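Note that this is a predicted model, so its numbers are computed, not measured.
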Amino acid sequence: MATLDGLPPLREVIQRHGLDAKKALGQNFLLDLNLTQKIARSAGPLEDATVIEVGPGPGGLTRAILSLGARKLIAIERDSRCLPALAEIAEHYPGRLEVIEGDALKVDFDALAADGPIKIIANLPYNVGTQLLLNWLLPRSWPPFWDSLTLMFQKEVGLRIVARENDDHYGRLGVLAGWRTEARMVFDVPPQAFTPPPKVTSSVVHLTPRQAPLPCDVKKLETVTQAAFGQRRKMLRQSLKALGGEALLSKAGIDPVRRAETLSVEEFVTLANAL
Ligand code: SAM
């Protein structure tokens with residue numbers, strides 16, 4: 001059967017290499033190249049871009065990124081069973097795909113980005129997705145090594161990333177993402193699009209770094225958001241008691257009877273700076 005890129009259909013690739021999905025590795029594969037191209041396209045123009053993909057698996061999104069013209073793609077995959085399938089893609093696109101076998105949580109991304117700005121595109125393993133995002137959001141120095149993140153999450157997590165004040169999904173993730181990036185939901189992907197289908201809907205989220213986020217110490221911002229949202233239904237004078245309670249809130253000019261989810265990102269930054 002012909003495919004968009006002249007490589008064999010993914011179903012056949014999976015069968016030939018025995019890539020039955022492993023739950024422990026968060027494996028839910030996308031087999032429709034039209035869909036993977038739609039995801040890759042939402043990262044913006046890829047011609048001449050350097051891209052990092054986490055968790056290429058059998059290569060559905062990998063193939064889309066390469067077919068859209070990425071100059072160089074570095075793909076990090078933990079499951080060694082996928083390497084022969086990825087080697088076939090590398091052969092089809094000579095010199096453009098580099099595969100690193102390993103755990104993305106342990107990779108030194110700054111070192112990979114030595115040649116210039118990077119677009120990260122990934123259908124993330126659910127079990128490590130949020131931690132990877134936090135690693136990319138919270139380096140000490142800013143701007144970061146990447147110039148956009150185009151990431152698939154469970155919809156629930158996507159909603160938390162883009163949520164702002166007075167939204168039920170607003171929390172630590174929304175504050176941290178909102179502080180340093182412009183984050184938006186791009187589109188939803190239903191469970192049936194994956195093999196095997198996960199239990200929930202997924203969403204593609206796009207983030208770009210703010211060039212000048214409000215000055216703030218990362219650790220302090222994490223500390224105040226963790227305390228405030230740890231007891232999100234309580235008034236701030238109660239939830240922030242261990243950090244100084246009313247005195248801290250008064251220094252920041254924030255009414256102590258407010259609750260965490262009513263504070264804007266800017267107000268959380270003011271609180272962190274008052275710590
Ligand atoms: N990109 C493929 C697709 O869209 O069909 C596969 C996506 S699947 C949701 C997640 C992939 O991440 C799997 O291939 C899995 O083996 C890989 N993976 C899981 N944990 C990983 C980790 N810590 N580092 C790198 N890859 C990981």
Side-chain angles (χ1 to χ4, degrees), residues 1-109 111-113 115 118-129 132 149-152 189 192-198 202 204:
M1 205 205 305
T3 54
L4 291 174
D5 58 4
L7 281 161
L10 280 155
R11 217 170 272 287
E12 186 201 306
V13 172
I14 287 173
Q15 210 167 33
R16 191 156 39 84
H17 294 285
L19 302 178
D20 46 307
K22 284 192 184 166
K23 210 171 173 188
L25 286 172
Q27 292 183 335
N28 301 96
F29 300 135
L30 293 170
L31 306 189
D32 177 355
L33 290 171
N34 286 303
L35 176 58
T36 57
Q37 283 200 341
K38 185 175 168 193
I39 296 168
R41 255 189 233 108
S42 58
L46 293 183
E47 291 86 11
D48 299 324
T50 305
V51 178
I52 294 181
E53 182 191 5
V54 174
L61 191 51
T62 318
R63 285 165 60 170
I65 295 165
L66 289 165
S67 71
L68 291 173
R71 184 180 65 81
K72 171 116 201 255
L73 170 57
I74 302 168
I76 304 159
E77 175 56 62
R78 195 174 179 177
D79 184 355
S80 59
R81 297 179 311 154
C82 298
L83 301 187
L86 295 167
E88 288 172 10
I89 303 172
E91 201 174 312
H92 191 74
Y93 292 100
R96 290 169 59 196
L97 173 61
E98 178 188 342
V99 179
I100 297 176
E101 181 187 356
D103 180 350
L105 288 170
K106 297 186 182 146
V107 164
D108 178 357
F109 283 92
L112 294 182
D115 288 348
I118 296 271
K119 288 179 190 289
I120 298 183
I121 306 177
N123 171 13
L124 287 175
Y126 289 149
N127 40 1
V128 293
L132 276 172
L149 304 176
T150 306
L151 307 173
M152 176 107 79
V189 180
Q192 316 82 269
F194 299 84
T195 302
S202 300
V204 176

Pairing residues for F109 by the ring pair (Phe, Tyr, Trp, His ring centres under 6.0 Å) criterion, not counting sequence neighbours: W136, F145
side-chain contact (heavy atoms from CB on, under 4.5 Å) partners of N127, counting only residues at least two apart: P125
Student check: side-chain heavy atoms of I39 and N123 closer than 4.5 Å: no
Test side-chain contact (heavy atoms from CB on, under 4.5 Å) applied to N34 - qualifying residues, sequence neighbours left out: L4, D32
Contact check, side chains of K119 and T50, non-hydrogen atoms, under 4.5 Å: no
Set of residues satisfying side-chain hydrogen bond (donor to acceptor under 3.5 Å, both in side chains) with respect to K38, sequence neighbours excluded: none
Closest approach of A40 to I65 (non-hydrogen atoms, all atoms of both residues): CB-CG1, 4.1 Å
L132 versus A104, closest heavy-atom pair with distance: CD2-O, 3.8 Å
Results of salt bridge (Lys or Arg N to Asp or Glu O under 4.0 Å) for R11 - residues two or more places apart only: none
Close side-chain approach of H17 and P84, heavy atoms under 4.5 Å: yes
Exceeds 12 heavy-atom contacts within 6.0 angstrom, atom CD of E47: yes
Closest non-hydrogen atom pair between G102 and I76, with its separation: O-CG2, 3.7 Å
For P198 against N28, the heavy-atom pair lying closest together: N-ND2, 3.8 Å
A193 to L30 - nearest heavy-atom pair and separation: O-CD2, 3.6 Å
Partners passing side-chain hydrogen bond (donor to acceptor under 3.5 Å, both in side chains) against T36 (at least two apart in sequence or in another chain): none
Working for side chain to side chain contact (heavy atoms under 4.5 Å, CB included), residues L151 and I120: CA-CA 8 Å; L151 307 173; I120 298 183; 4.1 Å; yes
Results of salt bridge (Lys or Arg N to Asp or Glu O under 4.0 Å) for R16 - residues two or more places apart only: E12, E88
From CZ (R41) to CG (L46), nearest 0.5 Å: 9.5 Å
Note, L33 side chain near L10 side chain (heavy atom, < 4.5 Å): yes
Selection residues 72-86 - residue pairs positive for salt bridge (charged side-chain N to carboxylate O under 4.0 Å, His left out), sequence neighbours left out: D20-R81, K72-E98, R78-D103, D79-R81
Within-4.5 Å side-chain heavy-atom neighbours: I100 and I74: yes
Sequence-distant partners of S67, side-chain hydrogen bond (donor to acceptor under 3.5 Å, both in side chains), two or more places apart: Q37
Any residue meeting side-chain contact (heavy atoms from CB on, under 4.5 Å) with A21, in chain and number order, not counting sequence neighbours: Q27, F29, P196
Test log, rule side chain to side chain contact (heavy atoms under 4.5 Å, CB included), inputs F194 and L31: CA-CA 7 Å; F194 299 84; L31 306 189; over 6 Å; no
Which donor-acceptor pairs under 3.5 Å do the side chains of residues 54-64 make with protein atoms, sequence neighbours left out?
{"from": "T62", "atom 1": "OG1", "to": "E53", "atom 2": "OE1", "distance (Å)": "2.7"}
{"from": "R63", "atom 1": "NE", "to": "D5", "atom 2": "OD2", "distance (Å)": "2.8"}
{"from": "R63", "atom 1": "NH1", "to": "P8", "atom 2": "O", "distance (Å)": "2.8"}
{"from": "R63", "atom 1": "NH2", "to": "D5", "atom 2": "OD1", "distance (Å)": "2.9"}
{"from": "R63", "atom 1": "NH2", "to": "L7", "atom 2": "O", "distance (Å)": "3.4"}
{"from": "R63", "atom 1": "NH2", "to": "P8", "atom 2": "O", "distance (Å)": "3.0"}

Y93 vs L73 side-chain heavy atoms within contact, under 4.5 Å: no
Shortest non-hydrogen separation from I89 to L66 and the atoms involved: CG2-CD1, 3.7 Å
